[in-house]
Number of protein chains: 2
Amino acid sequence: MATIKDVAKKAGVSVATVSRAINDKGYVHEDTRKLIDEAIRELNYKPNEVARSLFNKKSRLIGLILPDIRNPFFPELARGVEDEMQAHGFRLIIGNADEQLDKEIDYIETFKLNNVIGLISASTNAVLSQYKSLSFPLVLLDRTSEEHPSVHADGYAGGRLAARELVNRGSSRITLLKGPVEFQTARDRFKGAVDELYSANVEFDVMTTASFAFQEAEYWAKELFEKYPDTDGVIASNDVVAAAIIHEAHRVGKKMPEELQIIGFDDIPFSQFLYPALSTIRQPAYDMGREAAKLLIKQINGEKLESKRIQLPVQFIERQTTRKGDHHD
Amino acid sequence: MATIKDVAKKAGVSVATVSRAINDKGYVHEDTRKLIDEAIRELNYKPNEVARSLFNKKSRLIGLILPDIRNPFFPELARGVEDEMQAHGFRLIIGNADEQLDKEIDYIETFKLNNVIGLISASTNAVLSQYKSLSFPLVLLDRTSEEHPSVHADGYAGGRLAARELVNRGSSRITLLKGPVEFQTARDRFKGAVDELYSANVEFDVMTTASFAFQEAEYWAKELFEKYPDTDGVIASNDVVAAAIIHEAHRVGKKMPEELQIIGFDDIPFSQFLYPALSTIRQPAYDMGREAAKLLIKQINGEKLESKRIQLPVQFIERQTTRKGDHHD
DNA sequence: TCTGTATGTGTAATCGGTTACACACAAAAG
DNA sequence: CTTTTGTGTGTAACCGATTACACATACAGA
């Protein structure tokens, strides 16, 4: 690989001049600039990011921490972040914390030691002390925070919405699945649903699904029908769990949506392919990713943030696991 | 952040000694070592990876290029790579090329300029000139190569297997979906299926699905039933496409598996939740990831590779989109 | 006593960039 | 004609690590 010295020699100038030319800082004569550009092209020179980063204490890398890359919701977030970063010349590196604290700490450390210029975390453990001592900006994604800028969907409204739609469509013995307590969004949507059900004066049971992972989703589904065999409406903690429930419902012979309505949460791409296609509360994952990226870029550029907490709306996506309701507009 | 100088000062030695102590190179007196350890602990010192990397021209980072993070098959691969790397003290950074050439080139460049110590690529464009001029080892994942070590599943056998199972289970007007030509694995499994169908002397049509993405899968599914309304067996190019076909089959009122059998490819976690649950050819994605990681680590350590091309077996997973067959053992 | 080897440590160069500062020169201002 | 200001460029220090090399000491064997 060619270095700045090679370029300087070839162009017959000093490295300082080359550096100035590259970075458009200070004066460089038009003619010298041409010489340098020429040398750069001939040698196919690319500035060494590591050396730059060592001096500047900043790279062009953005770190993104995801709690579980296998849950399709998170790749969707990542795509949003990536596209926005791409457009601004930043590079995204993804760390998959796998819902494990030590992995997450490892990644934060790795990001620090590699001088990332900013960090977006969609992790559950955002309260970590590691997040306090960062020398670069942090944006929390898919959760809120007092201390840091954040982007999230309106989980509470989503929970209310899910409950309302289910009730309006005639379910009366509802089972409400509560996601892992660590996930703030899970708590929000749970609370939303509870509040709505209370105020609608509808009976409901609560079951906790202590994880969002595929492997365990099947287990929750089985547990659901054992504990509450005559439930006629399920508000699932997310789409993965909802998928497992649909599957199990078929197995135990429940007709959907006639005998059992189900509403998921997230609207991952797969939900439309389920049978019956899953009615769900959509989170605009891609947009959330983009917004988080924008927020981070603003901070990196030292701009003032007019709003530190961006909340995006959720939306009911009507498909086949809910009946036609007497729909209030 | 504390630097090596701070540690040296606190321990009352030179930076060289500290460096030797940290890296266990050269002589360091037991007593001095203790002093240094003590200083490191007190200052909470962590060597700056960027500075190290600048000198050594190596980091502890491994790059992984995925063609599409949204296809659940790839996160699964990534998890395998990650777990193995984690165990060896390497850090994984993921780049999502999004099946776009320029993004992929960008990522290779980013990885180079950040001194990754090795690269695993599951991209379609492994023929790229960028891959030739690497100064660090490369392992190709989910595809083969003459020039580079690679890990892949036996797509050809998978194609044959899919065709054989479908024929054995009584489909006679088979439609064979051909995945994107860029994907070598897609070509392999296509060829396997073709060979098997020829030798079994079974009629079949071919339809090309020029992408594996969700958004388009639905389109292929519709096209399938328009073009070949009386097909009674589909060999899908992957599970995502298969999911779309199941969905569409419901819509047009085909009974599965009685009137229509479907076999997918990959066995992504979602396949079990489809209705009917998808019979598919399983690729051991997680293991593939691990093997690729092992291969890369061996190269990094300068070990001899006994085999440069690792092929993992595929497996027929019988679920509900295929009928009970007169099963030859 | 002299030489050779093993042990322990520090100085300074190096990796590939960036930038403060000094200096040279030209044109404009006084 | 001197002073100021704006351009243009090079020298060298610096970012935070690693390591070649020099040097000092201790102890062995001759």
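Quick caveat, the model's predicted, so the values are computed rather than measured. All values below were derived from every heavy atom in this structure, side-chain atoms included, with hydrogens, water molecules and symmetry-related copies excluded.
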*Asks:* Does A:Arg79 come within less than 4.0 Å of A:Glu76, counting only side-chain N to carboxylate O?
*Replies:* no

*Asks:* Going 5' to 3' along DNA chain D, between which two nucleotides do contacts with chain A fall, using a heavy-atom cut-off of 4.0 Å?
*Replies:* D:dG6 to D:dG16

*Asks:* Decide, yes or no, whether a salt bridge links A:Lys294 with A:Asp287 under the criterion of side-chain N to carboxylate O below 4.0 Å.
*Replies:*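 Result for this pair is no, no salt bridge flagged.
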
*Asks:* Is it true that B:Asp83 and A:Lys103 have a side-chain N and a carboxylate O under 4.0 angstrom from each other?
*Replies:*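 Salt bridge present between B:Asp83 and A:Lys103.
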
*Asks:* Check the orientation of A:Phe111 and A:Tyr107. Use parallel for under 30°, tilted for 30 to 60°, and perpendicular for over 60°.
*Replies:* tilted

*Asks:* Taking all heavy atoms of A:Asn114 and all of A:Leu61, pick out the closest pair and write down the distance.
*Replies:* O-CD1, 4.4 Å

*Asks:* Which part of the nucleic acid does A:Ser19 contact within heavy-atom distance under 4.0 Å: base, sugar-phosphate only, or nothing?
*Replies:* base

*Asks:* In terms of the nearest nucleotide of DNA chain C, which residue is placed more toward the 5' end: B:Gly26 or B:Val15?
*Replies:*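 The residue whose closest nucleotide sits nearer the 5' end is B:Gly26.
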
*Asks:* Please confirm whether the shortest side-chain N or O distance from B:Thr17 to OP1 or OP2 of C:dG8 is below 4.0 Å.
*Replies:*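 Checking C:dG8 against B:Thr17, no side-chain N or O comes under 4.0 Å of OP1 or OP2.
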
*Asks:* Less than 4.0 angstrom from a charged side-chain N to a carboxylate O is my criterion; do A:Arg33 and A:Glu38 meet it?
*Replies:* no

*Asks:* Is A:Lys25 near enough to C:dT19 that one of its side-chain N or O atoms lies under 4.0 angstrom from OP1 or OP2?
*Replies:* yes

*Asks:* Does a side-chain N-to-carboxylate-O contact under 4.0 Å join A:Glu147 and A:Lys132?
*Replies:* yes

*Asks:* Less than 4.0 angstrom between a side-chain N/O of B:Tyr27 and OP1 or OP2 of C:dT7, yes or no?
*Replies:* yes

*Asks:* Rounded off to whole Å, could you give me the CG-to-P distance for the A:Asn23 and C:dG16 pair?
*Replies:*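 Rounding to the nearest Å, CG of A:Asn23 and P of C:dG16 are 17 Å apart.
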
*Asks:* Residues from residues 41-63 of chain A sitting under 4.0 Å of DNA chain D, heavy atoms only?
*Replies:* A:Leu54, A:Phe55, A:Lys57

*Asks:* Rounded to the nearest 0.5 Å, how far apart are CE of B:Met85 and CD1 of B:Ile297?
*Replies:* 4.5 Å

